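Heavy atoms only: backbone and side chains are in, while hydrogens, waters and symmetry mates are out. All of these numbers come straight from a predicted model, not from anything done at the bench.
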Amino acid sequence: MQKEAPKIFKVDPKFKHELLKITGAEKIMLCFQCGTCTADCPVALRVNEFRPRQIVEDARLGLKETLFSGDTLWLCTGCYTCYERCPQDVKVTDMIAALRTLAVKEGYIHPSFRMLIDSMAKNGYIYEITDFENELRADMGLPAAPKVNLDEVSKIMKKTGLNKLTGITMEEG
Amino acid sequence: MKYSYFMGCQVPARVNYCDLAVRRVTKALGIELIDLQDAGCCGCLLRSVNSKVTLALSTRIMALADKNGLDLVVLCNSCFATLREVGNFLEENPKLLMEVNELLETEGLKYKGKVEVKDILQIFYDDYGVEKIRSELTKSFKDLKVAVQYGCHLLRPSRITKFDNPEVPHILDELVEATGAKSIYWPLKLWCCGSTTLPTDDKLGMSLARNKLMDAKEAGADCIVTTCPSCQISFDLLQPRIEKIYNEQYNLPILYYPQLLGLAMDMSPEEVGLNLNRIEAETILKFLK
């Protein structure tokens with residue numbers, strides 16, 4: 001009987017070096033795969049594909065395709081339970097955020113985030129405060145919600161490069 | 001007692017009754033809140049796609065507060081943790097502070113690093129004090145069983161928020177019990193309400209909120225008391241949708257803490273916006289003596 005050769009999957013040892021440079025992801029090599037993060041994750045309990053421990057391992061191996069394709073990275077609630085309880089202080093939540101940053105650099109961004117960025121460009125806030133809400137506020141005897149200096153927001157968006165991620169055309173300054 | 005006041009975007013966009021209750025209660029307690037004019041987004045949700053923008057937007061808010069020379073009070077847990085984190089980060093990275101300040105210069109703003117960011121609960125608990133609050137109350141809740149909801153970003157990451165014991169918090173429990181109500185044990189108390197996943201996957205967000213609603217109900221709660229606008233939105237505004245999706249009935253009133261406090265100060269339900277809660281909350285008035 002012919003023995004099947006073990007299958008060796010392709011890894012990318014360079015990837016983690018990119019990740020290690022991002023604030024919050026500096027300690028990924030300290031992870032000893034105990035699984036506290038996954039055990040205490042509210043999303044992992046509802047979604048099989050979302051495993052913080054696996055995400056750390058995939059990131060260290062540089063399995064970029066696995067990490068970036070699909071919605072997995074974007075399901076983290078950012079509740080910081082894993083961050084708080086990690087015995088190795090890996091800052092798992094921040095590492096997932098760092099992975100999103102890299103995904104965005106490679107052109108992967110979840111559509112919901114594009115919507116939030118569009119709203120920021122248009123309203124100066126992630127969530128739009130409509131005239132209806134301001135009328136309601138007036139009826140309640142409350143002052144109108146602060147008006148945002150949209151020029152300033154637009155300047156900040158341009159300077160930080162966020163404007164490149166919006167679907168709205170912004171004037172090049 | 002005087003503070004700069006920033007309510008964030010969720011409150012004016014969705015739950016204005018939270019702002020109403022805060023203004024009424026603080027006024028009655030002699031706490032003065034000065035609205036931060038021109039304040040925009042703190043950038044919390046964009047941190048994971050572009051941390052620089054969050055840094056700049058949050059610093060801008062703190063620079064506006066710096067101009068007032070007052071500590072900054074926020075209502076939203078996300079604003080709280082984000083502003084605190086940015087404040088810490090800038091303290092450790094003076095070069096970055098200089099860079100951000102250059103960006104703010106055209107507006108005539110400069111963050112000097114002197115603003116203390118406080119959650120509204122810290123005003124009640126640390127600055128005003130539970131005993132003094134108790135002395136202001138003319139009414140008391142009797143036999144009202146409350147499931148207390150802190151929300152994530154007051155407690156975690158604790159090294160940034162420095163708010164309370166992240167695993168066994170007590171501040172909101174004590175503030176709730178000052179009104180005579182009883183804070184009950186509910187197993188999922190410290191869990192996330194799911195709100196941040198709503199834009200990405202609303203079914204996932206609502207399934208997390210449902211877990212908590214069922215848990216509070218099962219533990220015998222008459223209501224949930226929150227302190228975070230995101231949690232308030234998930235539990236109150238979305239409760240009818242969750243009931244429909246899962247074909248379940250909770251009828252669980254969701255109160256924002258200052259609403260509960262105002263009622264114990266003998267304010268009318270309308271004064272604290274109780275008539276504006278999506279889930280009828282007047283049912284808890286029968287416990288008020």
For atom [atom1] of [X], decide whether the heavy atoms of other residues, nucleotides or ligands shown that lie under 6.0 angstrom number more than 12.
X        : atom1 : answer
B/Lys52  : NZ    : no
A/Arg137 : CZ    : yes
B/Asn165 : CG    : yes
B/Lys67  : NZ    : no
B/Lys110 : NZ    : no

Find the one option among [options] whose heavy-atom pairs under 4.5 Å with chain A are most numerous.
options                     : result
B/Thr196, B/Leu276, B/Leu55 : B/Thr196
B/Ala39, B/Gly8, B/Gly194   : B/Ala39
B/Gln37, B/Glu167, B/Arg14  : B/Glu167
B/Val11, B/Leu46, B/Leu36   : B/Leu46

Examine distances only and state if a side-chain atom of [X] and a backbone atom of [Y] form a donor-acceptor pair shorter than 3.5 Å.
X        : Y        : answer
A/Asn149 : B/Asp38  : no
A/His110 : B/Pro199 : no
B/Gln10  : A/Tyr127 : no
A/Thr101 : B/Val49  : no

- Item | Proximity of residues 75-102 of chain B to chain A, residues having a non-hydrogen atom under 4.5 angstrom | B/Glu85, B/Phe89
- Message: Looking at B/Arg159 and A/Asp89, is there a salt bridge between them, counting it only when a charged N and a carboxylate O are closer than 4.0 Å?
- Response: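 The answer is yes: the pair qualifies as a salt bridge.
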Minimum heavy-atom separation for [X] and [Y], please, with both atom names.
X        : Y        : result
B/Pro12  : A/Glu133 : O-CB, 3.3 Å
B/His153 : A/Gly78  : NE2-O, 2.6 Å
A/Ala97  : B/Arg47  : CB-NH1, 4.2 Å
B/Gly40  : A/Tyr125 : C-CE2, 3.5 Å
A/Pro146 : B/Met7   : CD-CE, 3.9 Å

Say you draw a straight line from [atom1] of [X] to [atom2] of [Y]; how long is it, rounded to the nearest 0.5 Å?
X        : Y        : atom1 : atom2 : answer
B/Ile160 : A/Tyr83  : CD1   : OH    : 4.0 Å
A/Lys158 : B/Leu103 : NZ    : CG    : 12.0 Å
A/Phe113 : B/Leu45  : CZ    : CG    : 6.0 Å
B/Cys9   : A/Ile129 : SG    : CD1   : 6.5 Å
A/Lys164 : B/Asn50  : NZ    : CG    : 9.5 Å

Does any heavy atom of chain B fall under 4.5 Å from the side chain of [X], the backbone, both, or neither of them?
X        : result
A/Leu75  : both
A/Glu152 : side chain
A/Pro143 : side chain
A/Thr77  : both
A/Ile126 : both

Between [options], which shows the greatest number of heavy-atom pairs under 4.5 Å with chain B?
options                              : answer
A/Leu73, A/Leu99, A/Leu162, A/Val104 : A/Leu162
A/Arg100, A/Lys159, A/Glu84          : A/Glu84
A/Asp94, A/Asp71, A/Leu136           : A/Asp94
A/Ile156, A/Thr23, A/Leu150          : A/Ile156
A/Met120, A/Lys91, A/Met115          : A/Met120

In terms of heavy-atom proximity below 4.5 Å to chain A, should [X] be classed as side chain, backbone, both, or neither?
X        : answer
B/Leu104 : both
B/Asp35  : side chain
B/Leu155 : backbone
B/Leu20  : both
B/Pro166 : side chain
B/Asn16  : both
B/Glu270 : neither

Using a 3.5 Å cut-off and no angle test, enumerate the donor-acceptor pairs between side-chain atoms of residues 31-45 of chain A and protein atoms at least two apart in sequence or in another chain.
unit_1: A/Gln33; atom_1: NE2; unit_2: A/Arg53; atom_2: O; d: 3.2
unit_1: A/Gln33; atom_1: NE2; unit_2: A/Glu57; atom_2: OE1; d: 3.4
unit_1: A/Thr38; atom_1: OG1; unit_2: A/Arg53; atom_2: N; d: 3.0
unit_1: A/Asp40; atom_1: OD2; unit_2: A/Arg85; atom_2: NH1; d: 3.1

- Task: Using the side-chain hydrogen bond (donor to acceptor under 3.5 Å, both in side chains) rule, take B/Asn211 and A/Arg46 through it: C-alpha gap first, then chi angles, then the decisive distance, then the call.
- Result: CA-CA 10 Å; B/Asn211 269 5; A/Arg46 311 309 305 262; 3.0 Å; yes
